[in-house]
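Read through the structure below, which is laid out as structure tokens, and then see the notes.
Only this structure's heavy atoms are used, side chains among them; waters, hydrogens and symmetry mates stay out. Whatever order the structure lists them in is the order used to number ligands and atoms, beginning at 1.
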Amino acid sequence: MAFYSRVSGSVGMITLQNPPVNALSAAVRQGIVDTMHRALSEPEVKSVVICGQNGKFCGGADIREFGATMAGPPLVPMVHLIEAASKPVVAAIEGIALGGGLELALSCHYRIAHSKARLGFPEVALGLLPGAGGTQRLPRLVGVPAALDLITTGRHVTAAEARQLGIVDEVTELNAVDAAVKFAQSVAGKSLDARRISTYPCPRPPDLDAIFERAMQQVRRSSRGAIAPGTCVQAVHAAVTLPYAKGMERERELFSVLFNSGQARALQYYFFAQRAVSRWSTANGARWDTSKPRPVRKAAVIGLGTMGRGITVSLAQAGFTVVAVETQEKQLSEAKQGVSGMLERGAKRRGVPLAHDKIKYSCSVQAVADADLVIEAVFEDMALKKTVFQQLSAICKPGALLCTNTSGLDIDELASQTQSPELVVGMHFFAPAHVMQLLEVVYGPRSSPEAVATAMQVGKKMGKVSVAVGNCRGFVGNRMLKQYLEQAFFLLEEGATPEQVDQVLEEFGFAMGVFKVSDLSGLDVGWKVRKADGLVSPASTGTSARIRGGSRYSPLGDLLCERGRFGQKTGKGWYQYDKPGGRVAKVDPWLHGFLEDYRAQHGLVARRIDHQEVLERCLYTLINEGFQILQDGIAAGPEDIDVIYVLGYGWPRHRGGPMFYASQVGLDKVVERLEHYQQIHPDVPGLQPSRLLRKLAAINNPAIHKWREVIQKPRSQL
Ligand code: 3H9
């Protein structure tokens with residue numbers, strides 16, 4: 001709601017009250033309308049201040065209400081009421097003015113912001129556009145290029161930038177509400193003719209067409225199929241080409257198209273999913289609200305390869321003191337240089353404070369003895385990792401958390417090398433670790449709730465979105481990825497090409513198809529793992545070459561590695577590159593010949609594989625594994641899986657994540673298609689629908705937020 005008070009005799013104060021961000025719920029909108037009428041009707045009141053409770057102006061429309069039937073007064077007439085007011089209305093912006101919150105502020109006649117406030121139109125990230133006049137008022141106030149930038153990217157601006165752009169009239173270091181009251185008194189009785197933004201002409205720069213063309217090209221390049229950014233451009237175009245009232249009509253039409261699109265639903269689901277993962281729970285009943293993290297001041301990283309360096313940078317930038325260990329002098333000095341370069345680039349490009357002094361380098365594992373938390377980031381080799389954990393257990397102070405950055409090895413086996421297995425967890429970072437936002441926090445059967453809570457909190461301090469997952473081969477992300485990769489290999493055997501598979505996946509919205517990603521990450525990584533698992537057979541001919549453990553297996557990836565084709569780093573992989581380290585993937589005729597020979601050798605006849613089959617086999621097997629993961633209790637809910645896939649594996653955000661996507665396709669359809677492919681390819685693993693998937697499909701495809709009720713009490717598989 002909004003409450004009304006009178007300040008200094010003549011200022012009517014309207015305070016928005018809807019924790020945590022004073023979102024514009026039906027009750028708040030009703031409150032604003034009622035209190036505005038009251039302020040306008042009281043003769044003693046000469047001016048009005050609108051502010052938000054608890055130091056936050058307003059976080060915009062209440063996203064929780066989007067799924068429900070619209071109640072209360074709509075936003076657009078509400079902002080018109082404010083702008084048309086006969087008494088000056090001043091917005092006192094503290095904390096945030098976002099989305100509808102900024103639209104509310106733009107309908108006021110003046111805006112005073114606290115220096116720490118952030119302003120912006122983040123609607124695009126929710127699959128929407130600013131739909132309460134934001135697309136029509138902002139270009140009138142700041143010009144077309146700046147409005148296009150803010151509305152299509154959703155970026156927040158500081159109060160200082162907002163002042164520079166002309167969005168706010170004054171910035172104060174002091175109390176913004178007090179400043180706004182003073183300001184309101186000073187403008188009481190003054191003419192408001194020049195203060196109503198909707199009456200401003202929209203600036204028309206001479207190169208208008210080129211500006212819009214460039215904006216469209218830019219959003220097409222970066223949106224990967226998301227429709228909101230392009231629609232935002234169209235709405236701003238309406239501000240320039242139509243009178244205000246018509247522009248508002250156009251804004252409403254475009255908003256309605258977006259609001260009713262599946263993409264907006266997916267992005268709003270994702271918004272809440274990303275917040276839900278912080279309320280973690282584990283298979284053995286530990287929870288976020290009953291587990292206390294340990295204090296961590298000093299962290300250590302063992303192993304300064306690519307991952308270790310990224311983790312070191314990220315820890316130091318988050319303010320931790322870090323001991324960085326690499327046992328070989330030469331590697332240590334290279335790592336030092338690498339880390340320094342990364343810190344400097346971070347400072348230059350993203351304004352992150354330089355944190356050289358936070359890091360101490362050492363050649364000796366002994367140097368980690370007094371760390372509160374140690375992250376092991378040595379090669380992905382169980383024997384080596386076991387040795388490191390034995391050493392750490394002997395060296396580290398009691399109570400130190402011992403973490404591994406393994407991307408899939410058994411956490412419990414490592415824990416069993418130590419005297420305190422309850423203090424061992426996985427912290428699975430994604431490359432490059434100082435940039436990627438995702439962290440899988442992996443708990444084993446013996447990890448204590450305190451250990452999980454500590455790793456989750458350290459991740460949060462590092463600016464990561466941490467997701468707690470159970471211990472199994474590949475955890476959540478890589479376990480699902482295995483199915484996706486395998487299907488892609490089988491599709492090649494059956495007649496597809498890497499570029500065909502990648503094109504289908506990129507059209508779906510992945511930033512890169514599976515083969516391009518594999519080339520980027522290095523084909524040798526998976527090869528080493530398969531070798532360690534005994535999957536890479538020297539006998540690559542005959543029927544046994546394509547069978548492992550009784551199931552179909554494709555040795556295609558192994559065969560490329562045997563030929564030294566490790567991807568971008570060697571200049572050749574599933575594609576060819578102009579040189580080792582080259583980045584532009586080109587179709588490789590050699591690979592086509594290689595696939596033909598391979599098929600001939602194994603008696604396989606290439607067939608035409610259509611778009612639908614590529615997509616369904618790759619995605620539905622990945623999704624099916626997700627259901628198996630839920631069934632096994634490795635992930636607590638579908639949101640955990642979706643956040644992992646969007647942040648760690650390039651799943652298009654506007655499709656919500658694989659589990660949300662499945663809920664939209666219809667679980668019965670996913671089951672039906674998996675069964676269809678299973679019938680045609682009985683030898684292909686991963687096509688058997690999981691019990692949980694079948695169960696949910698059979699009870700009529702319940703909404704995704706109801707799945708947890710059906711998922712049985714989770715139990716870790718290991
Ligand atoms: C819009 O305005 C459309 C209009 O143009 C026109 C319509 C016609 N509603 O992120 P946090 C909750 S669209 C409801 O953890 P932070 C959030 O779920 C809207 N709830 O904190 C969480 O709840 P819980 C445009 C909201 O400090 C809690 O607040 N506005 C809303 O890291 C704390 O959130 C946006 O897109 C909301 N609008 O970040 C702003 N916002 O504790 C979206 C937050 O139960 N919000 N919650 O998990 C944000 O970007 C961040 O939440 C914010 C705070 C920067 C505000």
Worksheet item: Step by step, would you call Glu639 with Arg708 a salt bridge (Lys or Arg N to Asp or Glu O under 4.0 Å)?
Response: CA-CA 10 Å; Glu639 298 85 356; Arg708 282 184 198 237; 2.9 Å; yes

Practice prompt. State, without any angle test, whether Tyr269 and Asp642 hold a side-chain donor-acceptor pair at a distance under 3.5 Å.
Written response: yes

Worksheet item: On the ring face of Tyr244, is Arg140 found with NZ or CZ under 6.0 Å from the centre and within 45° of the axis?
Response: no

Fill in: With sequence neighbours excluded, residues passing side chain to side chain donor-acceptor pair (under 3.5 Å) with Gln30
Asp34

Discussion item. Between the side chains of Glu249 and Arg252, is the shortest nitrogen-to-carboxylate-oxygen separation below 4.0 Å, so that they form an ion pair?
Written reply: no

Pairs of nitrogen or oxygen atoms, one from ligand 1 and one from the protein, closer than 3.5 Å: please tabulate them with distances.
{"from": "ligand 1", "atom 1": "2 (O)", "to": "Ala61", "atom 2": "N", "distance (Å)": "2.9"}
{"from": "ligand 1", "atom 1": "2 (O)", "to": "Gly100", "atom 2": "N", "distance (Å)": "2.8"}
{"from": "ligand 1", "atom 1": "5 (O)", "to": "Glu103", "atom 2": "OE1", "distance (Å)": "2.8"}
{"from": "ligand 1", "atom 1": "5 (O)", "to": "Glu123", "atom 2": "OE2", "distance (Å)": "2.5"}
{"from": "ligand 1", "atom 1": "5 (O)", "to": "Gly131", "atom 2": "N", "distance (Å)": "3.2"}
{"from": "ligand 1", "atom 1": "9 (N)", "to": "Ile63", "atom 2": "N", "distance (Å)": "3.0"}
{"from": "ligand 1", "atom 1": "10 (O)", "to": "Arg275", "atom 2": "NE", "distance (Å)": "2.6"}
{"from": "ligand 1", "atom 1": "10 (O)", "to": "Arg275", "atom 2": "NH2", "distance (Å)": "3.0"}
{"from": "ligand 1", "atom 1": "30 (N)", "to": "Gly59", "atom 2": "O", "distance (Å)": "2.9"}
{"from": "ligand 1", "atom 1": "38 (N)", "to": "Gly59", "atom 2": "O", "distance (Å)": "3.2"}
{"from": "ligand 1", "atom 1": "38 (N)", "to": "Ala61", "atom 2": "O", "distance (Å)": "2.9"}
{"from": "ligand 1", "atom 1": "48 (O)", "to": "Arg279", "atom 2": "NH1", "distance (Å)": "3.1"}

Worksheet item: Is the closest basic N to carboxylate O distance between Glu450 and Arg294 below 4.0 Å?
Response: yes

